Amino acid sequence: MIPVSSRASTIEYAIRDVVVPATKLEAEGHEIIKLNIGDPIAYPGLPTPQHMVEAYRDGLASGNNGYSPSYGLPILRSAIAADETRKGWNCNVDDVYVCHGVTEALQIIFAATLEEGSKVLAPGPHYPPYMAYPQMYGATTIEYALKSDDGWCIDLDDIESKMDSDVRLLVLINPNNPTGNVAGRKEIQKLLSIAKKWPNCMIVADEIYDGLDFSGEHVSVASLSDEVPVFALNGVSKVYYAPGWRIGYMAIHDPTNVLIDVRDGIERLLRSRLCASTPAQLGYLAGLEGDRDWMDEHSSKVQSRRQLCLDRIANIEGLEVEAPGGAFYMFARLTDKYWSKNDKEFVLSLLHEEHVLVVHGSGFSPEKGVGHIRIVYLADESTLNAAFDRIDSFLTRHRLAKMS
Ligand SMILES: Cc1ncc(COP(=O)(O)O)c(C=O)c1O
C-alpha cells in the first residue's frame, strides 16, 4: 500500500462527512430531509438572481473563456473595492484579490502568513477549515470561546488570555457559522484593541454572511481598524446565492503598511495558481453592479423560515436554541443528558431512524460544540415542519426507552 500523507489523512469536514451514510440510505431508496449543508441553492425559492445568471451566460457566449489576470478581472476588482468602500473603509482596486471562493483565499492567507509554531486563534465552534488548513503549514488552531449561554457572543477575556507573539491570525466569522451570532461595533472595537498589543497579529474577518444580518448590528471589521491589518473575506456564495460558481475575494486593509512582504507572498501564490473562473467573475460583477432589491425578497423568506424554526424548537422537549442574529444556521443544544454528550450518535441515529440529516456540533469543535446540532434553516416551511416532527418523535421515543 502506498502511504497517504499524514497531512491529508487527518483532514475532516464534518458537514460533508455525514453525507456519506445519507447517500447510502438514498441509494437504498429512502428520501432524506437534508438540513446539513449551507448551500441556499439546495433549497426551494432561493435561486441565483436571473441577471447574474445571464451575465455569466453572456460571458460564456461572448468568448470570455480564457484565463483572467491572476488577481481577478480589473472591472470586478474595482466593483468589489467600491462595495468594500461603501462598508466604511478606503478600499482600493489593488487591495482586492479574487479567488476561487473564500476557501481559496483562506488557503492563500494561511500559506503566506503561517510558519511552524504559528498560532491561529479562531472561534469555538467554527467553520471546519479554520482548524483543518493551518495544520498543513505546521501551525496550530487554538479556539477562543463563544458564550453558549449568551447568544454565542465572543468571550473577549478568553481571547486576551490566549494572545501571544505566536498568534499570527485572529479570526472573526461574522455573522458566525455555525452559531449565527453577530458581533457588533463595541465587541469588534474591543477585539481590535486586544489585537493592537501584538504587532505580528492580523485579523481574518470572514464576512461572507454580512448581507444576511437580521440584527442590524453588523459592521465591517476593516472599517473600524486604524492600526491592525485586516483581511476582509467575502464573495458570491451566500449573499448572492451562487456557491457553485466558486468566486470570492480577500480585500486587504493595511492602515500602517506592515503587509508589504505578506502581500508580495500572496501575489506570488496567486500567480502560481493562475486565476479564478473568468465567466463566473462576470456573473458576480452583475450582482455587485445591478439592482439589489431582489435581496429583500430572499431575506424575508430566510427570516420567516428562521422564525418557524425558533417557534418549533421552543416547543420541543430536548432542544434549546440561542436565537441567531444572522447567516442561516441554528446551533441547537441537546438538553437530554445522554445526547448532550453524544451529539454525533444523535445525528447518525436520527438519520437512520427518521431520515433527517443535520450536523453534529462536535464537528465544529470537539470541545465547544459537543452536545449541539447545526440546522440549516433554509428548507421550505412544510419540509422544516416535517423535520421537526421527526426530531420531536425521535427525542420522545428515546427518552421513553431510556426510562423503561
Ligand atoms: C464562514 C464561512 N466561510 C467561508 C465559507 C466558504 O466560502 P466559499 O464558498 O466562498 O469558499 C463558508 C461556507 O459555508 C462559511 O460558512
Side-chain angles (χ1 to χ4, degrees), residues 12-19 34-43 46 48 52 72 76 80 83 96-110 120 122-134 141 143 146 152 154 169-183 203-213 218 220-221 231-251 270 273 276-277 280-281 283-284 287-288 302 324-331 358-359 361 363-365 369 374-378:
E12 282 184 38
Y13 189 75
I15 303 163
R16 290 193 177 219
D17 291 350
V18 291
V19 174
K34 291 185 194 143
L35 307 181
N36 63 308
I37 197 147
D39 176 352
I41 298 304
Y43 305 93
L46 298 167
T48 314
M52 292 176 63
L76 176 62
I80 293 169
D83 201 44
V96 175
Y97 299 98
V98 179
C99 299
H100 309 289
V102 165
T103 305
E104 192 201 26
L106 281 177
Q107 289 169 4
I108 285 170
I109 293 167
F110 293 149
V120 175
H126 56 257
Y127 176 59
Y130 286 100
M131 181 65 77
Y133 295 147
T141 300
E143 293 177 306
L146 301 178
W152 296 101
I154 301 168
L169 299 170
L170 172 55
V171 177
L172 180 67
I173 304 172
N174 196 30
N176 181 271
N177 175 10
T179 69
N181 172 259
V182 177
I203 306 258
V204 172
D206 185 336
E207 295 173 343
I208 192 153
Y209 299 100
D210 65 351
L212 289 155
D213 165 36
H218 192 274
S220 130
V221 177
F231 297 102
L233 306 182
N234 218 316
V236 80
S237 289
K238 312 293 179 178
V239 173
Y240 290 88
Y241 297 83
W245 291 7
R246 310 307 306 125
I247 294 291
Y249 66 85
M250 69 174 101
L270 285 166
R273 72 28 151 162
S277 157
Q281 291 187 62
Y284 186 25
L288 286 168
V302 174
F328 35 62
Y329 306 107
M330 282 187 192
F331 207 56
V358 294
V359 187
F364 298 91
S365 165
R374 191 194 73 170
I375 298 167
V376 177
Y377 60 74
L378 293 180

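Since the model is a prediction, treat every value here as computed from it, not as a measurement. In each ligand, atom 1 is the first atom listed, and ligand 1 is the first ligand listed. Positions are given from 1 along the sequence.
- Aromatic ring pairs are classed by plane angle as parallel below 30°, tilted from 30° to 60° and perpendicular above 60°; the pair Y329 and Y209 is perpendicular.
- Of all protein heavy atoms, the one lying nearest to atom 12 (C) of ligand 1 is Y127 CZ, 3.3 Å.
- Ring centers of W245 and Y284: at least 6.0 Å apart, outside the cut-off.
- Under a 3.5 Å cut-off, the side chain of K238 and the backbone N or O of G38 do form a donor-acceptor pair.
- T103 OG1, 2.5 Å is the protein heavy atom nearest to atom 11 (O) of ligand 1.
- Residue contacts with ligand 1 include G101, since one of its heavy atoms falls under 4.0 Å from the ligand.
- Ranking the protein heavy atoms by distance from atom 7 (O) of ligand 1 puts I208 CD1, 3.4 Å first.
- Protein heavy atom nearest atom 10 (O) of ligand 1, with residue, atom name and distance: V102 N, 2.7 Å.
- The I173 neighbourhood of ligand 1 comprises atoms 1 (C), with distances under 4.0 Å to a heavy atom of that residue.
- Interface of K238 with ligand 1, defined as ligand atoms under 4.0 Å from a residue heavy atom, comprises 12 (C), 13 (C), 14 (O).
- When hydrogens are left out, the protein atom nearest atom 15 (C) of ligand 1 is Y209 OH, 3.5 Å; that is the closest non-hydrogen contact.
- Rounding to the nearest 0.5 Å gives a distance of 5.5 Å between CG of L270 and SG of C99.
- Atoms of ligand 1 lying under 4.0 Å from at least one heavy atom of D206, given by number and element, are 1 (C), 2 (C), 3 (N), 4 (C).
- A donor-acceptor pair under 3.5 Å links the side-chain atoms of H218 to the main chain of N174, judged by distance alone.
- Applying side chain to side chain contact (heavy atoms under 4.5 Å, CB included) to F328 and the options L46, L378, N177 leaves one that passes, L378.
- Looking at ligand 1, you'll find an N or O of N177 within less than 3.5 Å of one of its N or O atoms.
- Among L170, N176, T179, the one residue that satisfies the side chain to side chain contact (heavy atoms under 4.5 Å, CB included) test with P123 is N176.
- Near R246, meaning under 4.0 Å from any of its heavy atoms, are these atoms of ligand 1: 8 (P), 9 (O), 11 (O).
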Problem set entry | Worked check of side-chain contact (heavy atoms from CB on, under 4.5 Å) between L172 and I154 | CA-CA 9 Å; L172 180 67; I154 301 168; 3.4 Å; yes

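- When each atom of ligand 1 is checked for a heavy atom of S237 under 4.0 Å away, the hits are 8 (P), 9 (O), 10 (O).
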